Amino acid sequence: MGARTLDNPRDRMVTILVAPLMSCGARLPVYTLLIGAFFTEQWAGTVLFGIYMFGILLAIVLAMIFRKFVFPGETEPFIMEMPEYHMPTLKGVLIHMWERAVLYFKKAGTFILAASIVVWFITSYPKEVPYTQDYDALRTQTETTFTAATAELLAPLGLQAVADSAELAAVKERIETLAAEHAEAAAAAEEEDNAVERESLARTFTAFGREYPLALQAAANDNPILYPVALQYYGLERERAAALADIERAEKADALAGSYAGRFGRFVEPVIRPLGFDWKIGVSLVAALTAKEVLVSSLGTIYSLEADEEDDSALRDRIAADEAFDPLVAISLMIFVLLYCPCLAVLAVMRRETNSYRWPAFVFAYCTGLAWLCSFVVYQGGRLLGF
């Protein structure tokens with residue numbers, strides 16, 4: 001719509017064609033999510049600046065190409081009279097804030113909400129899907145193994161359960177408290193990027209064929225006799241929890257793969273796999289055609305369905321822990337989001353401003369093709385260079 005200020009129709013069309021390459025506010029949530037997940041604070045600003053500059057430079061190059069080959073002709077000078085600047089008033093600021101807030105809530109309550117509901121539905125249904133394994137049998141086997149191992153451990157003490165001995169239960173509780181404190185300290189050190197603290201907390205010791213944080217040795221002072229039994233019991237519990245969590249994740253991944261979204265994602269995955277994207281990213285990219293920020297909510301829906309019920313970690317942490325993601329995939333995805341076809345609202349306005357369906361279709365095709373090509377070069381080039 002801003003191209004209306006241009007008198008030359010050729011300049012106006014070139015501006016309309018390259019404007020979608022500019023990073024808009026809707027793309028920023030995608031950038032911040034991926035940059036926060038894979039890049040340190042020292043690199044975050046540089047990566048974000050690089051993405052913005054890449055879009056600007058590409059738009060300049062394409063504008064020159066379009067102007068020379070698609071819309072040839074003499075250029076005209078562009079002169080715009082700038083208004084006189086004044087200090088903003090409190091009333092003006094509040095009115096502007098209110099207008100922008102209303103626009104956001106309208107967008108969040110329509111495009112984003114509708115897209116999120118659709119993504120939730122296609123990732124949740126059908127409920128009856130074919131599983132690759134008998135997960136109930138795996139859970140039963142895990143519980144049986146745990147019960148047999150703990151019975152063998154407690155039998156020499158004449159106990160059937162840890163709760164039968166108050167002293168043993170106290171030592172076990174002490175070990176669990178130390179483990180929780182250690183995990184909390186490790187998370188704080190990671191958040192503060194404290195290398196010395198991380199190295200200190202990473203020290204471990206091996207006992208009974210298992211590896212434990214060094215901090216758990218403090219519980220040995222409480223009861224040196226029962227400490228080995230409590231430590232082994234804690235290790236067995238941890239192994240059971242990890243095994244059940246793996247089974248739960250595998251079952252949810254199977255269900256997600258058999259959903260409508262999984263089937264569609266598998267269908268388009270061969271096209272986007274050379275860019276480093278898996279089917280989950282493919283589903284989110286399609287959903288983001290309505291509005292670019294929908295990609296974040298779509299990934300949030302998919303990863304929430306995949307996550308454990310007790311796993312309340314942020315979407316950023318879940319993406320960072322996904323083996324399908326790495327910094328190179330993140331950069332490839334940001335470039336694709338920057339370049340691929342603008343959202344439906346932009347295409348609708350473009351149709352109105354050009355009075356033609358041909359130019360919105362052209363923008364859809366050339367932006368998506370350009371996005372695929374640039375992401376392909378970045379991802380495959382990065383892999384060849386060893387990244």
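The structure presented is a predicted model; accordingly, all values stated were derived computationally and were not measured.
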Original post:
Does Ser259 use its side chain to pair, donor to acceptor, with the backbone of Ile122 at less than 3.5 Å?
Top reply: yes

**OP:** Please answer whether the main-chain N or O of Val329 pairs with a side-chain N or O of Asp326 as donor and acceptor at a distance below 3.5 Å.
**Re:** yes

**OP:** Go through the structure and list residues passing ring-ring contact (aromatic ring centres under 6.0 Å, His included) with Trp359, not counting sequence neighbours.
**Re:** Phe71, Phe362

**OP:** Begin from the C-alpha positions of Arg210 and Glu239 and carry the test salt bridge (Lys or Arg N to Asp or Glu O under 4.0 Å) through to its verdict.
**Re:** CA-CA 10 Å; Arg210 301 181 184 88; Glu239 287 178 357; 2.7 Å; yes

Original post:
Do any pairs count as a side chain to side chain donor-acceptor pair (under 3.5 Å) and have a residue in residues 29-40, sequence neighbours left out, and if so which ones?
Top reply: Ser23-Tyr31, Thr40-Gln42

Subject >> Ring-ring centroid check Phe277 Tyr379, cutoff 6.0 Å >> reply: no

Original post:
Are Leu338 and Val30 close enough, and set up right, to give a side-chain contact (heavy atoms from CB on, under 4.5 Å), and what steps lead you there?
Top reply: CA-CA 10 Å; Leu338 165 68; Val30 181; over 6 Å; no

**OP:** Evaluate whether atom OH of Tyr131 has more than 12 neighbouring non-hydrogen atoms of other residues, nucleotides or ligands under 6.0 angstrom away.
**Re:** yes

**OP:** Determine, for Tyr340 and Lys292, whether the Lys NZ or Arg CZ falls below 6.0 Å from the six-membered ring centre while staying within 45 degrees of the axis.
**Re:** yes

Original post:
Is the ring centre of Tyr212 less than 6.0 Å from the ring centre of Phe205?
Top reply: yes

**OP:** Give a yes or no on whether Glu173 atom CD has more than 12 heavy-atom contacts from other residues, nucleotides or ligands under 6.0 Å away.
**Re:** no

Original post:
Any idea which heavy atoms bring Pro274 and Gln380 closest together, and the distance?
Top reply: O-NE2, 2.7 Å

Original post:
Any sub-3.5 Å donor-acceptor pair from Ser375's side-chain atoms to Ala371's backbone N or O?
Top reply: yes

**OP:** Please answer whether the main-chain N or O of Leu6 pairs with a side-chain N or O of Arg12 as donor and acceptor at a distance below 3.5 Å.
**Re:** yes

Which pairs would a plain distance check flag for residues 158-172, meaning a side-chain donor or acceptor within less than 3.5 Å of a matching protein atom at least two apart in sequence or in another chain?
unit_1 : atom_1 : unit_2 : atom_2 : d
Asp164 : OD2    : Gln160 : N      : 3.3
Asp164 : OD2    : Ala161 : N      : 3.1
Ser165 : OG     : Leu168 : N      : 3.2
Lys172 : NZ     : Glu176 : OE2    : 2.5
Lys172 : NZ     : Glu237 : OE1    : 3.3

Original post:
In terms of heavy-atom contacts, does CE of Met22 have more than 12 from other residues, nucleotides or ligands at under 6.0 Å?
Top reply: yes

Original post:
Is any side-chain N of the basic residue among Arg139 and Asp134 closer than 4.0 Å to the acidic one's carboxylate O?
Top reply: no

**OP:** Keeping the roles fixed (side chain from Ser332, backbone from Leu328), state whether a donor-acceptor pair exists under 3.5 Å.
**Re:** no

**OP:** Return each pair, listed once, that meets side chain to side chain donor-acceptor pair (under 3.5 Å) where at least one residue sits in residues 262-271; pairs must be two or more places apart or across chains.
**Re:** Glu269-Arg273

Original post:
Does CD1 belonging to Ile225 count more than 12 external heavy atoms closer than 6.0 Å?
Top reply: no

Subject >> All pairs passing salt bridge (charged side-chain N to carboxylate O under 4.0 Å, His left out) where residues 43-67 contributes a residue, at least two apart >> reply: Asp11-Arg67

**OP:** Measure centre to centre between the rings of Tyr357 and Phe364, then say whether the value is under 6.0 Å.
**Re:** no

Original post:
Do Phe264 and Tyr260 have their ring centres less than 6.0 Å from each other?
Top reply: no

Original post:
Has Glu143 got more than 12 heavy atoms of other residues, nucleotides or ligands less than 6.0 Å from its CD?
Top reply: yes

Original post:
Shortest non-hydrogen contact from Val294 to Ala288?
Top reply: CB-CA, 4.1 Å

Subject >> Residue pairs, two or more places apart or on separate chains, that pass salt bridge (charged side-chain N to carboxylate O under 4.0 Å, His left out) and touch residues 216-229 >> reply: Arg174-Asp222

Original post:
Within 45° of the ring axis of Tyr125 and under 6.0 Å from its six-membered ring centre, is that where the NZ or CZ of Lys127 lies?
Top reply: yes

**OP:** Classify the angle between the aromatic ring planes of Phe376 and Trp372 as parallel (below 30°), tilted (30 to 60°) or perpendicular (above 60°).
**Re:** parallel

